[in-house]
Amino acid sequence: MPRHFLNILDLSKEEARAVLLRAKALKDGDIRTRMLDGKTVILIFEKASTRTRVSFEVAVRHLGGQTVFLTPHESQLGRNEPLKDTARVLSRYADALVVRTFGQEKLETLVEWGSIPVVNALTDEHHPCQVMSDVLTMYERTPDLPALKVGWIGDGNNMAHSWIEAAALYGFDLTLACPSGYTPDTDIVARAKALGARVTLTEDPAVAARDADYLNTDVWASMGQEAEQLRREAAFEGYQLNDGLMALAKPGCKVMHCLPAHRGEEISDEVFEANADMIFDEAENRLHMQKAVLEWVFEAL
């Protein structure tokens, strides 16, 4: 049976720890393995990307494999071919799919009708590879993850959902400050809490920032939400990660951002530049974590 990575809770706590340590080892030793030697991974991207595409393509090649890149404009995906047909055809050509799309249900369809592993490179509901990379970035600086307080300030979006799931597996305390109407999915929160996650929801950014070891944010309007930009700017007034909020955090608190950043909106330029080393470490860690995830996926084959 193929092993899929659609969200962070596809991992057990033991697997999450093992993948984290493997990613750290891959980074520290610049290890080149050949697990994907002779394998082909198809990257299906319905959303534009810089970091996700490049890091996955390089990760596959570091593992000895090859990639084929598809967008709706250059395949039958853009001509309304049923996704279940695409899944069955591509399963006969390749060894895995890495998919960046809109609805999580598209990944589930590929899993149901295909016969090869599917890896979530981003959906509107989850961004697991990014948050796993963020956890690696924290772990490099503070290995005792359960001792940490992490604050999320902004939209209760796919990133927030994956942070909530990560809290369930890695044990850190997570407080999310989101405005009314932009809170995380209640089912995702409930499932994480059932697994022991220490998650607090608030509408007050100061609550999330107070005594935090790490603070995190994301753009207010993600891809596909451009028409909501002005409405979201009004809703998120007061949610900018700036010096005022940083003053409430622990001394030495670090800031993370998955990029691209809209300086002057969700984060001030001053706070971004003060934490640029951390933020660009996150971006680099996409490569190392995605190699570890791909290894985990292919170990089951």
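If you're wondering where the values come from, they're calculated on a predicted model, not measured in any experiment.
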Rounded distance (nearest 0.5 Å) linking atom [atom1] of [X] with atom [atom2] of [Y]:
{"X": "Tyr139", "Y": "Arg17", "atom1": "OH", "atom2": "CZ", "answer": "4.5 Å"}
{"X": "Gln290", "Y": "Arg51", "atom1": "CD", "atom2": "CZ", "answer": "11.5 Å"}
{"X": "Ser49", "Y": "Leu122", "atom1": "OG", "atom2": "CG", "answer": "8.5 Å"}
{"X": "Ser162", "Y": "Glu165", "atom1": "OG", "atom2": "CD", "answer": "5.5 Å"}
{"X": "Thr101", "Y": "Asn120", "atom1": "OG1", "atom2": "CG", "answer": "9.0 Å"}
{"X": "Thr52", "Y": "Gln130", "atom1": "OG1", "atom2": "CD", "answer": "7.0 Å"}

| Does atom CD of Glu108 have more than 12 heavy-atom neighbours, drawn from other residues, nucleotides or ligands, at distances under 6.0 Å? | yes

| said: Taking atom CG as the centre, does Asp277 end up with more than 12 heavy-atom neighbours from other residues, nucleotides or ligands that are less than 6.0 angstrom away? | reply: no

Hydrophobic clusters here meaning ILVMFWY residues chained together by side-chain heavy-atom distances under 4.5 Å, can you tell me if [X] and [Y] are in one?
{"X": "Leu43", "Y": "Met35", "value": "yes"}
{"X": "Ile153", "Y": "Met246", "value": "yes"}
{"X": "Val150", "Y": "Leu145", "value": "yes"}
{"X": "Leu97", "Y": "Val111", "value": "yes"}
{"X": "Leu70", "Y": "Tyr93", "value": "yes"}

| query | Are a donor atom and an acceptor atom from the side chains of Asn157 and Asp218 found within less than 3.5 Å of each other? | reply | yes

| query | Does one side chain, of Thr40 or Asp95, offer a donor that lies under 3.5 Å from an acceptor on the other? | reply | no

If I compare all heavy atoms of [X] with all of [Y], which pair ends up nearest, and what's the gap?
{"X": "Ala59", "Y": "Leu294", "result": "CB-CD1, 4.2 Å"}
{"X": "Ala197", "Y": "Ala167", "result": "CB-C, 4.1 Å"}
{"X": "Ala177", "Y": "Pro205", "result": "CB-CA, 3.6 Å"}
{"X": "Ala166", "Y": "Val135", "result": "CB-CG2, 4.1 Å"}
{"X": "Trp152", "Y": "Ala208", "result": "O-CB, 3.9 Å"}
{"X": "Ala212", "Y": "Ala249", "result": "O-CB, 3.7 Å"}

Is [X] salt-bridged to [Y], cutoff N-O under 4.0 Å?
{"X": "Glu112", "Y": "Lys84", "answer": "no"}
{"X": "Glu295", "Y": "Lys291", "answer": "no"}
{"X": "Arg286", "Y": "Glu282", "answer": "no"}

Quick check: does any side chain N or O of [X] sit under 3.5 Å from a backbone N or O of [Y], one acting as donor and the other as acceptor?
{"X": "Asp10", "Y": "Asn7", "answer": "yes"}
{"X": "Asn275", "Y": "Met278", "answer": "no"}
{"X": "Gln104", "Y": "Leu6", "answer": "yes"}
{"X": "Ser268", "Y": "Asn242", "answer": "no"}
{"X": "Gln240", "Y": "Gly264", "answer": "yes"}
{"X": "Ser133", "Y": "Cys129", "answer": "yes"}
{"X": "Thr123", "Y": "Glu125", "answer": "yes"}

Side-chain heavy-atom pair [X], [Y] within 4.5 angstrom cut-off:
{"X": "Val255", "Y": "Asn216", "answer": "no"}
{"X": "Pro2", "Y": "Ser115", "answer": "no"}
{"X": "Lys24", "Y": "Glu140", "answer": "yes"}
{"X": "His126", "Y": "Val131", "answer": "no"}
{"X": "Ile42", "Y": "Thr67", "answer": "no"}
{"X": "Val119", "Y": "Val99", "answer": "no"}
{"X": "Ile44", "Y": "Val98", "answer": "no"}
{"X": "Ser91", "Y": "Arg88", "answer": "no"}

| message | Name the residue from Lys250, Lys149, Arg141 that meets the side-chain hydrogen bond (donor to acceptor under 3.5 Å, both in side chains) definition with Asp213. | response | Lys250

| field | Passing option when Gln229 is tested against Arg231, Glu233, Arg232 for side-chain hydrogen bond (donor to acceptor under 3.5 Å, both in side chains) | value | Glu233

| Can you name the salt bridge (Lys or Arg N to Asp or Glu O under 4.0 Å) partners of Lys106, sequence neighbours left out? | Glu46

| task | Taking salt bridge (Lys or Arg N to Asp or Glu O under 4.0 Å) as the test, write out the residues that go with Asp269, two or more places apart. | result | Arg263

| Restricting to pairs with a member in residues 190-204, which pass side chain to side chain donor-acceptor pair (under 3.5 Å), not counting sequence neighbours? | none

| task | Go through the steps for Val19 and Val293 under the test side chain to side chain contact (heavy atoms under 4.5 Å, CB included), then give the verdict. | result | CA-CA 7 Å; Val19 170; Val293 167; 4.3 Å; yes

| task | Given side chain to side chain contact (heavy atoms under 4.5 Å, CB included), test Lys27 with Glu284 step by step and report yes or no. | result | CA-CA 9 Å; Lys27 181 177 183 179; Glu284 177 190 342; 3.5 Å; yes

| message | One pair to check against side chain to side chain donor-acceptor pair (under 3.5 Å): Tyr214 and Thr137. What are the steps and the verdict? | response | CA-CA 11 Å; Tyr214 292 91; Thr137 309; over 6 Å; no

| field | Contacts of Phe172 that satisfy ring-ring contact (aromatic ring centres under 6.0 Å, His included) - sequence neighbours left out | value | Trp163

| said: Can you list everything that forms a ring-ring contact (aromatic ring centres under 6.0 Å, His included) with Tyr182? Sequence neighbours excluded, please. | reply: Phe236

| message | If you apply the rule side chain to side chain contact (heavy atoms under 4.5 Å, CB included), what do you find for Met132 with Tyr170, and how did you get there? | response | CA-CA 10 Å; Met132 290 286 289; Tyr170 292 106; 3.2 Å; yes

| When clusters are formed from ILVMFWY side-chain contacts under 4.5 Å, directly or step by step, what else is grouped with Val54? | Val58, Leu287

| task | Establish, yes or no, whether the cationic atom of Arg53 lies under 6.0 Å from the six-membered ring centre of Phe69 and within 45° of the ring axis. | result | yes

| query | Cation over ring, Arg22 on Trp296, under 6.0 Å and within 45°? | reply | no

| task | Verify side chain to side chain contact (heavy atoms under 4.5 Å, CB included) between Thr217 and Leu215, making sure each step is shown before the conclusion. | result | CA-CA 7 Å; Thr217 189; Leu215 288 173; over 6 Å; no

